[in-house]
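None of these values were measured; they are calculated from a predicted model. In the text below, chain A, chain B and the rest are named by the order of the sequence lines, each starting its count at 1.
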Protein chains: 2
Amino acid sequence: MAKGPPAEPKSRLRRAYVGLVIEVFRLNGDQLAVGNALGADLGLTSARWQVLGAISLSPVPLPVAHIARNMGLARQAVQYSVDEMRADGLVRLEPNPHHKRAMLVAMTEKGEAAYREASERHGRWAETLMADLPPERIEAASELLREVQRRIARSTATPATTGIKET
Amino acid sequence: MAKGPPAEPKSRLRRAYVGLVIEVFRLNGDQLAVGNALGADLGLTSARWQVLGAISLSPVPLPVAHIARNMGLARQAVQYSVDEMRADGLVRLEPNPHHKRAMLVAMTEKGEAAYREASERHGRWAETLMADLPPERIEAASELLREVQRRIARSTATPATTGIKET
DNA sequence: CGAAATTTGACAAAATCTTGTCATATTGAC
DNA sequence: GTCAATATGACAAGATTTTGTCAAATTTCG
C-alpha cells in the first residue's frame, strides 16, 4: 500500500533457509500421514515404525534410551511406544547382560513381520511415486539436510552462540 | 548370522528416498527444538509460530480452518493454538463479513511484536549458522522437497493407487 | 576402592494433538 | 427458492508427547 521504508532486504540465504524450514515441516506432516496410512492395518503408526526402524538398523538390540538417541526422539516418547508395542506383542524385552535395569528391546516374530511388510509397502509406494525423480537429486537433498543438521548440532553444543538448550 | 538369500537388492531410488525420509524426520525435530528455544521467552512455541506465520503470510485475515489448510495442519490443533494465544493476548478474533461463525484471526500488537522478534532472531541465527552454504543448494533441496510433496498430494488424491486417506 | 557425575527406566502430571460428534452456516445444483 | 452437500467452529473423549522427579545402576575420576 503506502511506500514505507524498504526495511532490510533479507538476504537470499535467509529467504532460502526459511523456505526450507517450511518445506521440511510440510513434508514431515505428509510423511507421518503416509506412514500411518501404510501401517494402519499392521498395527503400526509412524511413531512405532520409527522405533522398529532403529531396532532394525542396529546390529545389536538396544535399550530404550539408546533408541531415542539414535533417532533424535525423546526418551519418554520412545518408552511410551515400546510399552504399547509390548502390549501388542510387537516387541519384547530381553535381559541386558551389561545393565540390570536397561532391558534390551527386540522385535518379536510378529513385530518383524509387521515391520518387513510395512517397509516393503513403503518401498514399493516410493518407487512408484518417485519413479522418474533422479536419485541424485534425492541424495543431494538428503546430504544438504544432513549438513544443516550438523550445523545445528554444532550450535547447540556451543550455547554461547544461540542460547539453544541441550536435550 | 547365517548367510540367507540376498533378497531383493533394493533400488537406489528406494534407498535414496528412505534416507530422505529419515533426514526430514530428524531435521524436523531439530527445527522444532530451535523454534521452541528461540521463542520461549516471547511466549511462542513452534506450533504457535507456525500459526502466526500463516497469518503473517496472508494478505487478509483468515479463519482457523483456512490457516490449518494453508499450513497442512489439523484444524483442531490450530484451534487449540489460537485459543491459547488468544488467552495470552497474542491474537484476536475479528468478525467475518462473509461468515457468521468463522471469525477471522488477527495478530494483536503484542502478537505482531513477538512474531517480528522471533522471525528476526531466527533469521539472524540462520544467517550465522548457514553462512557459507550456497543458497543455491538450499533452494535446490527445497525445490526437491516441494516436488516430493506434489507427488504425495497427487497420490492421496488418487486413493486407488495407495489407499492413503484424505485429511 | 570410593565419591561424584551420568545414564537409565519408572512414574506422574500437564500440555498438546487427534478423533469423533454436533449444530449452524454457506455454497452449489437443480 | 429449496434442498443436498460441504465447511466451520464448539465440545468432549482419548491418545500421544512433554516435562519433572526419583531411585537404581553404571561410569568416571581421583
In whole angstrom, what separates [X]'s [atom1] from [N]'s [atom2]?
| X | N | atom1 | atom2 | result |
| --- | --- | --- | --- | --- |
| A:R75 | C:dG9 | CZ | P | 7 Å |
| B:K100 | C:dT26 | NZ | C1' | 11 Å |
| B:L32 | C:dA15 | CG | C1' | 15 Å |
| B:N96 | C:dT26 | CG | C1' | 11 Å |
| B:N36 | D:dT18 | CG | C1' | 10 Å |
| B:L62 | D:dA7 | CG | P | 16 Å |
| B:Q79 | C:dC17 | CD | P | 13 Å |
| A:L104 | D:dT26 | CG | C1' | 15 Å |

>> For D:dT8 and B:H66 - does any side-chain N or O of the residue sit under 4.0 Å from the phosphate oxygens OP1/OP2?
In response: yes

>> Looking at C:dT8, I'd like to know if its phosphate oxygens (OP1 or OP2) sit under 4.0 Å from a side-chain N or O belonging to A:R69.
In response: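 Result: yes.
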
> Going through the checks in order, is the side chain to side chain contact (heavy atoms under 4.5 Å, CB included) test met by A:L129 and B:V148?
Replying inline: CA-CA 9 Å; A:L129 216 57; B:V148 170; over 6 Å; no

[X] side chain to [Y] backbone, donor-acceptor under 3.5 Å:
| X | Y | result |
| --- | --- | --- |
| A:N36 | A:L32 | yes |
| B:S58 | B:P61 | no |
| A:N96 | A:A102 | yes |
| B:T128 | B:R124 | yes |
| A:R92 | A:M107 | yes |

Grab the N/O contacts between the protein and nucleotides 15-17 of chain D below 3.5 Å, and write none if there aren't any.
unit_1	atom_1	unit_2	atom_2	d
D:dT16	OP2	A:Y80	OH	3.0

> Could one point to a donor on the side chain of B:R101 or the base of C:dA23 with an acceptor on the other under 3.5 Å away?
Replying inline: yes

>> Is there a side-chain contact between B:V51 and B:V64 in this structure, where contact means two heavy atoms from C-beta onward sitting under 4.5 Å apart?
In response: no

>> Using heavy-atom distances to pick each residue's nearest nucleotide on DNA chain D, tell me which of A:H98 and B:L93 is more 5'.
In response: B:L93

